[in-house]
> 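Mind looking over this structure? Questions follow.
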Amino acid sequence: MEKMQREKIVEVLTRVDYGASVLVKGWVRSRRGNKTVQFIVLNDGSCMSGIQIVADLNVFQEEALKKVTTGACIAVQGSLVASPGKGQQVELNASNIEVLGEADPMTYPLQKKGHSLEYLREIAHLRPRTNTFGAIFRMRHHMSMAIHQFFHERGFFYFHTPIITASDCEGAGQMFQVTTLNLYDLKKDESGSIDYSNDFYGRQASLTVSGQLEGELGAMALGSIYTFGPTFRAENSNTPRHLSEFWMIEPEVAFNEIEENMQLAEDFIKYCIRWALEHCTEDLNFLSSMYDKELLERLRFVVDNSFVRLTYTEGVSILEAAVANGHTFEYPVYWGADLASEHERYLVEKHFKKPVILTDYPKEIKSFYMKQNDDGKTVRAMDVLFPKIGEIIGGSQREESLEKLERRAAEMGVPTKDIWWYLETRKFGTAPHSGFGLGFERLMLFVTGMSNIRDVIPFPRTPRNAEF
RNA sequence: UCUUCAGUAGCUCAGUCGGUUAGAGCAUCUGACUGUUAAUCAGAGGGUCGUAGGUUCAAGUCCUACCUGAAGAGCCA
C-alpha cells in the first residue's frame, strides 16, 4: 500500500469530492454481501457512524476477505463515491484492504447484534467498540470540555487539589488508606495502635474523599477556582448511582453567598446540558432511540426552565401536606429529619416536576463547615435534586467565622488538629465564600439517559470489582 | 450492609406438577444469492443447567450454604 495520510471517518463522511483516493483505518463492525460484492461497515471511533466499504469480488479474491471479520482491524484504501444504496451518503470503493489485526470470530466476544449492558460490563476492555459505549465515552469527553470551558469563560482557575491526604474530617465517608507499611508485619504500640511513624508520610494517609477544603484555600487567594479530579469513597454502596472511584467538580468562590452559589450551580448544569445538545447530536440521538425516548425532551426541559428554590423547612411542609392528603412514605417526615430519596423524589418528580434546589437544612444533618444562619437552627446548605438521579449537587456557603467554625467542629466531634491550615483561612483575612460539589458521573447519567453509573465511566470501581 | 429477583449453548432467553435423549432465536461454521443496511435463505456444530452439599426410586426443576449479577433501601456525589 502506498504511503498515504490516514483520515478519520468522521471527516471522510462529510466529503463530496467523489473520486478522491482515501485511506481509512478502523475496526470491522459487520461484513455482508454475496459472490459479487461485499459490504464492510468500518468504524474508527471518531463518530457513531461507520463508513461503508465496498469490496468488488472482481478486484478481491474471496479468500483475501476471509480475515475481514467482525472485530478485525483493517486499513482500507479506496476511492470516495456517492453511495447508490440507501442508508449512507458516501462509501468507499476499496482498491486495497490490509488486515492490521485479526479477530477470531469463534472467540471475539462482541457480535454485531446487541448485547445486554450487564454482559458488556464484564468485557469493559472491549465495550468502547460498541455504538453505545462509543457514544457515552465521546460524550464524557465533551462534558469534560464543557466544564473547563464554562469555568474558564468565567475567570475561574483550574486548581489541583491533592489525591493523597492526611486529614479525615470531611465526613464524606470511609476512606481508602494509602500505605507502604508491610501488612504482614505491622508494628503496634502498647495500646495496640498501628505505628505510622515509619510509613511513607510518617503518618496515616488516605485517598481524598473531596478536594473542598484545599479548594477553599485556592478560593481565598485566587478568588474563583474549580477542581475536577478523581475522588474515592470506601463505602460499601451497591447501587446504580455509586462508585468507589468517581470524578468530582468542585467550584469554590470567594465573596459568593448562597444565592450566587445557587445561580452558579444552575447556570453550570444548564451550560453542560446545552453543550451536550449542541456538540453530541449524533450520539444523543442514538442513546435516545436505544435507551430513553424522552431523553432529548428532558434535556431541553431542564435547559429551558428555572430550577425551583425552596428551603428545607418549606420542603418539609409540602411533604407533611402530602402525608395529610393520604400520601404514604416509608420513612417519617418531620422537621429535623434527613430527607430520604423517596421524599426528594416526591418533591422533584411529583410535586414540582422540575429540578429543585433545597436550602437551609437543619445544622444537625449537615457538615461542620457550613455557614450558620441567625436562627441558630439551620445552615446555608444547598442540594440540587434532579429527576431520575436524585442529588446531583451538594454545596453550601462556608462558615467564615473562626469562632463559630471551631465551636461547631467541637460540637460535632470533628478532629480539627489535622486541618489547622484550613482554620487559618478564617484566622487570616477570612471572607464569605461558597462552593459546591458535582459528581461527574451523575451528570453523565443525566445527559446520556443511562440508568447505571457503571455504564458512564470506562472502568468502574465498585465494591469487589476492580477488574481492568 | 439489608430486602427482593435472577444465574440453562458464545449472547438473549424458554424449560409445565420433580419423570425418557436439554429447547429456541441470534452469533459462529458450511453452502446459496448480482448493491447489502443488525441483509436474506438452507444446513451443521455447540451444554459440568453458577459452586458445594442435601431430599428423592428419580433434580435444570425441591431444600441449605456460598459465589456472581440486577433492582430497591441505607450512606452519599
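Throughout, a chain's letter reflects where its sequence line sits, starting with A, and its residues are numbered from 1. What you see is a predicted model, and the numbers here were worked out from it, not measured in a lab.
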> Compare side-chain N and O positions of Asn238(A) against OP1 and OP2 of U1(B) and report whether any pair is under 4.0 Å apart.
no

> Parallel, tilted or perpendicular: which one describes the rings of Phe468(A) and His125(A), with boundaries at 30° and 60°?
parallel

> Check whether any side-chain N or O of Asn452(A) sits under 4.0 Å from OP1 or OP2 of A71(B), and answer yes or no.
yes

> If the cut-off is 4.0 Å, is Arg345(A) near the phosphate of A73(B), judged by side-chain N/O to OP1 or OP2?
yes

> Select one nucleotide: of A77(B), U12(B), U37(B), the one nearest the side-chain heavy atoms of Arg32(A).
U37(B)

> Write down the distance separating the C1' atoms in U16(B) and G10(B), rounded off to the nearest Å.
28 Å

> Could you tell me the Watson-Crick or G-U partner of A59(B), where both distances fall under 3.5 Å? Say none if there is no partner.
none

> If you take the centroid of each ring, where Trp contributes its six-membered ring, are Tyr346(A) and His327(A) closer together than 6.0 Å?
yes

> Under a 3.5 Å limit for both distances, which nucleotide forms a Watson-Crick or G-U wobble pair with U64(B), could you say?
A52(B)

> If I pick the C1' atom on U61(B) and the same atom on U56(B), what distance separates them, to the nearest angstrom?
13 Å

> Give a yes or no on whether a donor-acceptor pair under 3.5 Å exists between the nucleobase atoms of U12(B), that is its base, and the side chain of Gln111(A).
no

> Report which part of the nucleic acid Pro84(A) touches: base, sugar-phosphate, or nothing (heavy-atom distance under 4.0 Å, all strands).
base

> Checking all strands, does Gln38(A) fall into the base, sugar-phosphate, or nothing category for heavy-atom contacts under 4.0 angstrom?
nothing

> I'd like to know whether the aromatic ring centres of Phe268(A) and Phe151(A) sit less than 6.0 Å apart in this structure.
yes

> Are Ser237(A) and C75(B) close enough that a side-chain N or O sits under 4.0 Å from OP1 or OP2?
no

> Quick check on the 6.0 Å ring-centre criterion: do Trp335(A) and Tyr312(A) meet it?
yes

> Would you indicate what Tyr331(A) reaches in the nucleic acid, counting non-hydrogen atoms under 4.0 angstrom: base, sugar-phosphate, or nothing?
sugar-phosphate

> Taking only side-chain nitrogens and oxygens of Lys112(A), does any of them come within less than 4.0 Å of OP1 or OP2 of C11(B)?
no

> Quick check on side chain to side chain contact (heavy atoms under 4.5 Å, CB included): which of Lys354(A), Lys353(A), Glu349(A) does Pro387(A) satisfy it with?
Glu349(A)

> Side chain of Lys35(A): nearest nucleotide among C33(B), A71(B), U36(B)?
C33(B)

> Would you classify Arg31(A) as touching base, sugar-phosphate or nothing, given that sugar-phosphate means primed atoms plus P, OP1 and OP2, and contacts are heavy atoms under 4.0 Å?
nothing

> OP1 or OP2 of C33(B) versus the side-chain N and O atoms of Thr36(A): is any pair under 4.0 Å?
no

> Is any side-chain N or O of Thr239(A) closer than 4.0 Å to OP1 or OP2 of C75(B)?
no

> Could you work out the separation of U28(B) and A22(B) based on their P atoms and round it to a whole Å?
27 Å

> Is it the case that C11(B) (base atoms only) and His115(A) (side chain only) share a donor and an acceptor within less than 3.5 Å, ignoring hydrogens and angles?
no

> C33(B), OP1 or OP2 - any side-chain N/O from Asn34(A) closer than 4.0 Å?
no

> For C76(B) versus C13(B), give the span between their P atoms, rounded off to a whole number of Å.
35 Å

> Quote, to the nearest angstrom, the P distance that separates U51(B) from U68(B).
15 Å

> Under 4.0 Å between any heavy atoms, over every strand shown, what does Phe39(A) touch: base, sugar-phosphate, or nothing? Just pick one.
base

> Base of G35(B), side chain of Glu91(A) - is there a donor-acceptor contact under 3.5 Å?
yes

> Suppose we define a pair by two distances each less than 3.5 Å, Watson-Crick or G-U wobble; what does U3(B) pair with here?
A71(B)

> Using the C1' atom as the reference point in each nucleotide, state the distance between G18(B) and G74(B) in Å, no decimals.
40 Å

> Can the ring centres of Tyr158(A) and His152(A) be said to be less than 6.0 Å apart?
no

> Between A59(B) and G50(B), how far is it from one C1' atom to the other, in whole Å?
16 Å

> Which one, A77(B), A71(B), U36(B), comes nearest to the side chain of Arg454(A)?
A71(B)

> So for Arg464(A) and C67(B), does any side-chain atom that can act as donor or acceptor lie under 3.5 Å from a complementary atom in the base?
no

> Which pair of heavy atoms, one from His242(A) and one from Thr462(A), lies closest together, and at what distance?
O-CG2, 4.0 Å

> Under 4.0 Å, heavy atoms only, any strand: does Gln88(A) hit a base, just the sugar-phosphate, or nothing?
base

> Rounding to the closest angstrom, what is the interatomic distance between A58(B) and U20(B) at atom C1'?
11 Å

